[in-house]
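Start at 1 and go down the list; that is how both ligands and their atoms are numbered. We use all heavy atoms of the structure for the numbers below, so side chains are in, but hydrogens, waters and symmetry mates are not.
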Amino acid sequence: MSKKQKKVLIRIITSAILVLAFHFVPVENPYIRLVLFLIPYLIIGYDILKKAGLGIIHGKMFDENFLMALATIGAIILGEYVEGTAVMLFYQIGELFQSYAVGKSRKNISALMDIRPDYANIEKDGVLEQVDPDDVETGTIIVVQPGEKVPIDGIVSSGNSTLNTSALTGESVPREVHTGDEVISGCVNLSGVLRIQTTKEFGESTVSKILDLVENSSMKKSKSENFITRFAKYYTPAVCIGALILAIFPPILCILVGQPANWQLWIIRALTTLVISCPCALVISIPLSFFGGIGGASAKGILVKGSNYLEALSETKYVVCDKTGTLTQGVFVVTQIKSVGEMSDDMLLELAAHVESYSGHPISKSLKEAYAKELDLTRVSDVEEISGHGICAVVDGQKIAVGNVKLMNQLGISPIEPPATGTEIHVAVDNSYAGYILISDLIKPNAKAAILGLKEAGVKQVIMLTGDTKRVADVVAKELGVDITKSDLLPADKVSEVEKLLDAKNAKEKLTFVGDGINDAPVLSRADIGIAMGALGSDAAIEAADIVLMDDDPAKIATAMKISRKTLRIVHQNIVFALAVKFACLGLGAIGYVNMWWAIFADVGVMIIAVLNATRALRQND
Ligand code: ADP
Ligand code: MG
């Protein structure tokens with residue numbers, strides 16, 4: 001509990017004891033009685049009265065402080081001292097509880113995302129010195145000992161170790177790193193001492209980016225939250241007017257028909273409605289639920305950039321997936337090399353690997369892997385990557401093109417069609433055909449279960465888009481149980497395919513695109529929700545997507561949907577529950593069946609129950 005919260009608690013206890021004491025001590029003199037009761041009332045309520053006063057001065061008078069001030073001052077004027085003070089007392093208890101719950105889920109989220117490094121070690125004259133990671137310049141060598149977090153992104157300059165990425169991905173598969181490997185901040189070093197040459201500043205490192213993203217996610221409001229804000233704006237003044245009418249009209253009516261007016265009774269009923277109708281349960285519990293949902297998701301390595309996306313995800317009916325790197329591992333193995341003319345198979349691979357030297361495409365990575373030797377970058381110049389086609393570059397003075405049939409056709413070459421199925425990488429040297437490399441990709445082990453999971457989560461259609469050939473695409477689609485497959489697409493074609501789907505569906509159903517963030521950023525931003533996976537270490541993916549899966553497990557898509565649905569369920573429960581209790585009490589209050597004590601329950605009790613329900617969103621344990 002914070003200092004501020006403790007202070008409120010002391011005020012609550014003091015005020016409660018005083019009210020009880022004065023209630024049971026018979027004081028005959030009415031003025032002394034008033035003064036006595038004003039003490040606990042002001043102890044507990046002075047800040048609310050002050051806020052209400054400031055609200056009136058600033059023209060923003062209709063808030064819950066105003067409702068509370070009006071109701072309690074009214075009660076005290078009518079001599080209902082205990083009730084007036086009790087309303088303030090319970091209101092403060094509710095507020096205290098709420099601030100405690102918010103603080104607690106905040107703390108939970110940062111504990112769940114326990115990735116913020118406190119320091120970086122720098123070696124000076126053989127001794128380690130702890131410095132603020134913010135002060136470490138790019139290119140500095142930092143030392144990370146076993147048990148410590150990697151504070152800044154960089155490359156291992158010496159040492160071998162295993163890293164635990166579970167704080168980032170929610171998955172605890174240790175990763176081995178050796179000299180020369182890239183490491184990402186936020187991982188925990190498990191075994192050996194690592195010396196890391198930083199490649200970024202702290203503010204640009206993965207940890208900072210992720211923490212920024214999680215912390216700013218509450219800025220993007222969901223429809224439900226916006227609804228409540230607008231609702232409260234009209235609701236509170238309406239309630240005040242209603243209360244005024246209730247206080248004035250029935251007595252006047254009584255006078256007109258020649259009955260005693262009974263002002264006291266009706267004014268108390270009016271004040272009771274004010275207490276009942278305070279909207280705080282809704283105003284607080286809904287953002288808190290989203291906050292919890294986003295926090296629970298991040299603990300599973302799913303970063304959601306705003307409550308609006310979490311809400312939209314729960315309405316997803318169409319999921320469009322990229323193939324390579326999303327449903328398949330994107331780790332290709334070379335299955336056949338076929339060179340023609342004077343070219344040897346080894347030379348073909350060597351040229352292809354060099355052309356691909358600068359690319360980060362999965363195909364490129366596997367060609368370099370297959371080549372296995374050190375690349376001589378001085379041999380390569382004029383590199384041009386043509387999205388969805390391949391790469392052209394000059395190697396050893398020759399113009400080499402490496403890519404698919406489309407690229408070859410552009411050069412006026414008709415390549416050989418390989419006999420086996422696989423992704424074909426054709427190579428041309430100085431505009432004449434030199435052969436092909438056949439590579440094949442493996443389907444991710446849980447891709448099939450992932451698609452089944454989506455169907456179970458209520459997705460109508462799963463659509464696979466790929467730049468690969470139809471033959472390869474069909475094999476994958478059949479194995480996975482994808483509903484629709486579109487192949488031979490350029491990145492721009494993927495955008496138009498998604499646009500077609502967006503036009504065809506009805507506006508209530510949302511379309512989610514899942515990609516790996518490599519050359520599919522336009523589609524990620526065009527879809528209702530863009531999910532990038534395998535984002536660990538890919539800045540581009542983190543920027544372009546609305547939801548980021550830290551690792552590349554497709555099953556996380558269904559997990560994210562489950563979390564979003566649970567969160568939205570909680571939000572709806574809270575709205576219905578709070579409004580139902582309030583309206584029921586309002587109705588009964590107006591005709592005198594609900595006294596001030598019930599009104600207090602309707603306000604504070606409902607808030608506490610709603611907040612407790614909201615904190616369930618944080619616990620995502622399945
Ligand atoms: P996907 O939709 O499967 O992610 P891409 O749009 O990334 O595919 O690429 C589509 C096709 O373009 C690949 O199947 C490949 O034939 C060719 N291609 C793309 N990039 C490269 C590259 N770096 N080297 C060779 N071929 C490439
Ligand atoms: Mg791709």
S.K.: Any nitrogen or oxygen of I391, main chain or side chain, under 3.5 Å from a nitrogen or oxygen of ligand 1?
M.R.: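 Between I391 and ligand 1, no N or O pair is found under 3.5 Å apart.
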S.K.: Taking only heavy atoms of G388, which atoms of ligand 1 are found under 4.0 Å from at least one of them?
M.R.: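 Listed by number with element: 11 (C), 12 (O).
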S.K.: Taking distance alone, with no angle check, do V402 and ligand 1 share an N/O pair under 3.5 Å?
M.R.: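 Not met; the criterion fails.
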S.K.: Hey, is I363 touching ligand 1 through its side chain, its backbone, both or neither, going by heavy atoms under 4.0 Å?
M.R.: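 It is the side chain that touches ligand 1; the backbone stays farther off.
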S.K.: Apply side-chain contact (heavy atoms from CB on, under 4.5 Å) to I531 and F513, showing your working.
M.R.: CA-CA 6 Å; I531 303 186; F513 177 81; over 6 Å; no
S.K.: Does K406 come within less than 4.0 angstrom of ligand 1, counting non-hydrogen atoms of the residue?
M.R.: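 The answer is no: ligand 1 sits nowhere under 4.0 Å from a heavy atom of K406.
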S.K.: Would you check if there is a donor-acceptor pair between the side chains of S161 and S191 at a distance under 3.5 Å?
M.R.: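 Result is yes, a qualifying pair exists.
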S.K.: Between N164 and P174, is any pair of side-chain heavy atoms under 4.5 Å apart?
M.R.: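 In short, these two side chains do not touch, never coming nearer than 4.5 Å.
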S.K.: With a cutoff of 4.0 Å, is P491 in contact with ligand 1, counting heavy atoms of the residue only?
M.R.: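 So P491 does not count as touching ligand 1.
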S.K.: Which atoms of ligand 1 sit under 4.0 Å from any heavy atom of H389?
M.R.: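 Selected atoms, number and element: 12 (O), 17 (C), 18 (N), 26 (N), 27 (C).
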S.K.: For the residue pair S289 / T567, report whether a side-chain donor-acceptor contact shorter than 3.5 Å exists.
M.R.: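 Short answer, no.
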S.K.: Identify which of K494, E356, H361 has a heavy atom lying nearest to atom 24 (N) of ligand 1.
M.R.: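 Nearest option to atom 24 (N) of ligand 1, by heavy atoms: E356.
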S.K.: Classify the angle between the aromatic ring planes of H426 and Y433 as parallel (below 30°), tilted (30 to 60°) or perpendicular (above 60°).
M.R.: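 Tilted: the ring planes of H426 and Y433 meet at 30° to 60°.
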S.K.: Let me confirm one number: the CG-CD distance from L489 to E497, rounded to the nearest 0.5 Å.
M.R.: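 These two atoms lie 5.5 Å from each other.
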S.K.: To the nearest 0.5 Å, what is the distance between NZ (K300) and CG (L549)?
M.R.: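 The distance works out to 13.0 Å.
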S.K.: Would you check if there is a donor-acceptor pair between the side chains of K209 and S205 at a distance under 3.5 Å?
M.R.: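 On atom types as modelled, these side chains do not qualify, holding no pair under 3.5 Å.
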S.K.: When you compare ligand 1 with D322, is there at least one nitrogen or oxygen pair between them that comes in under 3.5 angstrom?
M.R.: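 Indeed, backbone or side chain, D322 has an N or O that close.
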S.K.: Please indicate whether any nitrogen or oxygen in K323 is less than 3.5 Å from any nitrogen or oxygen in ligand 1.
M.R.: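 No, K323 has no N/O under 3.5 Å of an N/O on ligand 1.
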S.K.: Under 4.0 Å from a heavy atom of E385: give me the atoms of ligand 1 that qualify, with their elements.
M.R.: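 What qualifies from ligand 1 is 23 (N).
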